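Worksheet: the structure to be examined is printed underneath.
Model, not experiment: these values are computed from the prediction. The figures here come from the full heavy-atom set of this structure, side chains too, leaving out hydrogens, waters and symmetry mates.
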Amino acid sequence: AHHYENILLERPADGVGQITLNRPKALNALSTPLFKELNDALQKLDEDPSVRAILIAGSERAFAAGADIKEMKDLTFSKAYSSNFIQPWSTTITNLNKPTIAAVSGYALGGGCELAMMADIMYCTADAKFGQPEIKLGVIPGAGGSQRLTRAVGKSKAMEIILTGKTFSGKEAEIWGLASRTFTGFDELMKGATDTAITIASYSMLAIKAAKEVVNQSQELALSEGVKYERRVFHALFGSQDQKIGMDAFANKKTDIKWTN
Ligand code: CAA
């Protein structure tokens, strides 16, 4: 058993690990202790062979209202620079082998929006409130917001969001491609996210890992390099048992597939 104070660790279904941010009084503001626990739990789920997909959720009212402003307000340049403030937020989550789904309801502001954008898949409620309001605090996004938001929605929209600090809805996030699906309420959101995690968990983890890796490379590489990278990984999967199992099942009309990974 793990003793976490700022998060909950659950198993909503076979093969699915769920981390729920749980600082309700601070609208899940992302403090250093919260992030340490989040990273610890993510690492444990990634290493646990019984977990095949990971959900990251908040409450109905708030996914996360951003970095903890009260913790940050007296930070100095030298402290921020020497500790590489916020850098550890993204290193664990973006280097996991297993797929992550962020389920966003309520506020996803600043670091909350940035955390949701670090997940492999983002689902949200139609009335979720996203934004990068750092400009109102005299700073800018610091957990990848200016980069991930711009890649997802394009330069003009990202500039508008980051320069005005105005919020946008879950519906808008879906229309712009930042979120892949919206749901009418919190329960529907959690069910939808869990169902998707169950679907992913039913496939070969080797193929899932490879698929996640090549999609992520599309964010880093030029098209021709990315296509070549994909093809190399595709070729490599013909060395796996799961490729034989999957294609044999199709050819022999078998439905009950037992993957080796
Ligand atoms: N940090 C610390 N505490 C926070 C917080 C945050 N980001 N967001 C909310 N809280 C706290 C409030 O201070 C309040 O605590 P008290 O009861 O002790 O006063 C409690 O959570 C409830 O919040 P409100 O009373 O403000 O609730 P509301 O419903 O009136 O407003 C809100 C909700 C619009 C989300 C408002 O809380 C808000 O604007 N929060 C700050 C959002 C923000 O600026 N986020 C960006 C942070 S900077 C960042 O994230 C940097 C980065 O890039 C990593």
Using modelled atom types only, decide if a donor and an acceptor are shared between the side chain of S218 and the backbone of V215 within a distance under 3.5 Å. yes
Worksheet item: Would you say the side chain of L30 lies within less than 4.5 Å of the side chain of L21, judging by non-hydrogen atoms?
Response: yes
Count I, L, V, M, F, W, Y as connected when their side-chain heavy atoms are under 4.5 Å apart, and connections chain through other members. Are L8 and V51 then in the same cluster? no
Between the CD atom in Q132 and the CD atom in E160, the distance rounded to the nearest 0.5 Å is 13.5 Å
>> Between W176 and M159, is there shared hydrophobic-cluster membership here, with clusters defined by ILVMFWY side-chain heavy atoms closer than 4.5 Å?
In response: no
| task | Run the salt-bridge test on E188 and K191 with the 4.0 Å N-O cut-off and return the result as yes or no. | result | no
Apart from F183 itself, its cluster of hydrophobic side chains linked below 4.5 Å comprises V16, L55, I101, I121, Y123, F186, L189, M190, I198, I200, Y203, M205, I208
The reported gap from OG in S50 to CG in D14 (rounded to nearest 0.5 angstrom) is 8.5 Å
### Query
With side chains defined as the heavy atoms from C-beta onward, is the minimum distance between L115 and C113 less than 4.5 Å?
no
Minimal heavy-atom distance between S169 and A126, with the atoms involved, is CB-O, 3.8 Å
Would you say that E134 contacts E114 through its side chain, given a criterion of any heavy-atom pair below 4.5 Å between the two side chains? yes
Side chains of Q241 and T260 only: does a donor on one sit below 3.5 Å from an acceptor on the other?
no
For residues 216-234, the salt bridge (Lys or Arg N to Asp or Glu O under 4.0 Å) pairs (sequence neighbours left out) are none
Open item on the list: Closer than 3.5 angstrom, by distance alone: can the side chain of N28 be matched with the main-chain N or O of F63 as a donor-acceptor pair?
Closed with: yes
_Any heavy-atom pair between the side chains of I162 and I140 that's under 4.5 Å?_
no
Smallest heavy-atom separation, T182 atom then G170 atom, equals CG2-O, 3.3 Å
Minimal heavy-atom distance between A201 and G15, with the atoms involved, is CB-O, 4.1 Å
Report task. Would you indicate whether Q87, at its atom CD, is surrounded by more than 12 heavy atoms from other residues, nucleotides or ligands within a distance under 6.0 Å? Result -> yes
Query raised in the report: Do you reckon L109 sits in the same ILVMFWY cluster as I69, going by side-chain contacts under 4.5 Å, direct or chained?
Result: no
Heavy-atom closest pair (P12 atom, T194 atom, distance to 0.1 Å) is CB-CG2, 4.1 Å
### R23 side chain vs N6 backbone, donor-acceptor pair below 3.5 Å
no
Practice prompt. Classify the ring geometry between F130 and F168 as parallel (under 30°), tilted (30 to 60°) or perpendicular (over 60°).
Written response: parallel
Across all chains, not counting sequence neighbours, the side-chain contact (heavy atoms from CB on, under 4.5 Å) partners of F238 are F234, Q243, M247
Original post:
So, does K212 use its side chain to make a donor-acceptor pair with the main chain of L96 at under 3.5 Å?
Top reply: yes
ask   = Between the side chain of T20 and the main-chain N/O of A57, is any donor-acceptor distance below 3.5 Å?
value = no
(Q) Are L9 and L45 packed together at the side-chain level, in the sense that at least one heavy-atom pair is separated by less than 4.5 angstrom? (A) yes
Say whether V104 and I161 are linked into one hydrophobic cluster, either directly or through other cluster members, by side-chain heavy-atom distances under 4.5 angstrom. yes
*Beyond-backbone contact of M122 with M117, side-chain heavy atoms, under 4.5 angstrom*: yes
Separation between CG (L42) and OG1 (T92), nearest 0.5 Å, reads 7.0 Å
CD of Q18 to CD1 of I7, rounded to nearest 0.5 Å, is 11.0 Å
Does N216 reach the side chain of D120, with side-chain heavy atoms less than 4.5 Å apart? yes
Between the OG atom in S105 and the CG atom in D127, the distance rounded to the nearest 0.5 Å is 6.5 Å
When rounded to the nearest 0.5 Å, the distance separating CZ of R151 from OG of S146 is 9.5 Å
* Asked: Any chain of hydrophobic side-chain contacts (each under 4.5 Å) joining M118 to Y107?
  -> no
L75 and A80 have their tightest heavy-atom pair at CD2-CB, 3.8 Å
- Please check if atom NZ in K244 has more than 12 non-hydrogen atoms from other residues, nucleotides or ligands closer than 6.0 Å. yes
**Request:** Determine, stepwise, if the pair K258 / D256 fulfils salt bridge (Lys or Arg N to Asp or Glu O under 4.0 Å).
**Result:** CA-CA 7 Å; K258 294 262 184 291; D256 185 32; 3.3 Å; yes
- prompt: Side-chain contact, heavy-atom cut-off 4.5 Å: N261 with K209?
  reply: no
Scanning both residues in full, the closest heavy-atom pair of A143 with I86 reads CB-CG2, 3.6 Å
Margin query: Would the distance check show the side chain of E174 and the main-chain N or O of K171 forming a donor-acceptor pair, the cut-off being under 3.5 Å?
Written below: no
Original post:
Should the ring pair W89 and F85 be called parallel, tilted or perpendicular, given that the plane angle runs from 0 to 90° and is split at 30 and 60?
Top reply: perpendicular
With K44 as partner, the option from D48, D40, D46 fulfilling side-chain hydrogen bond (donor to acceptor under 3.5 Å, both in side chains) is D40
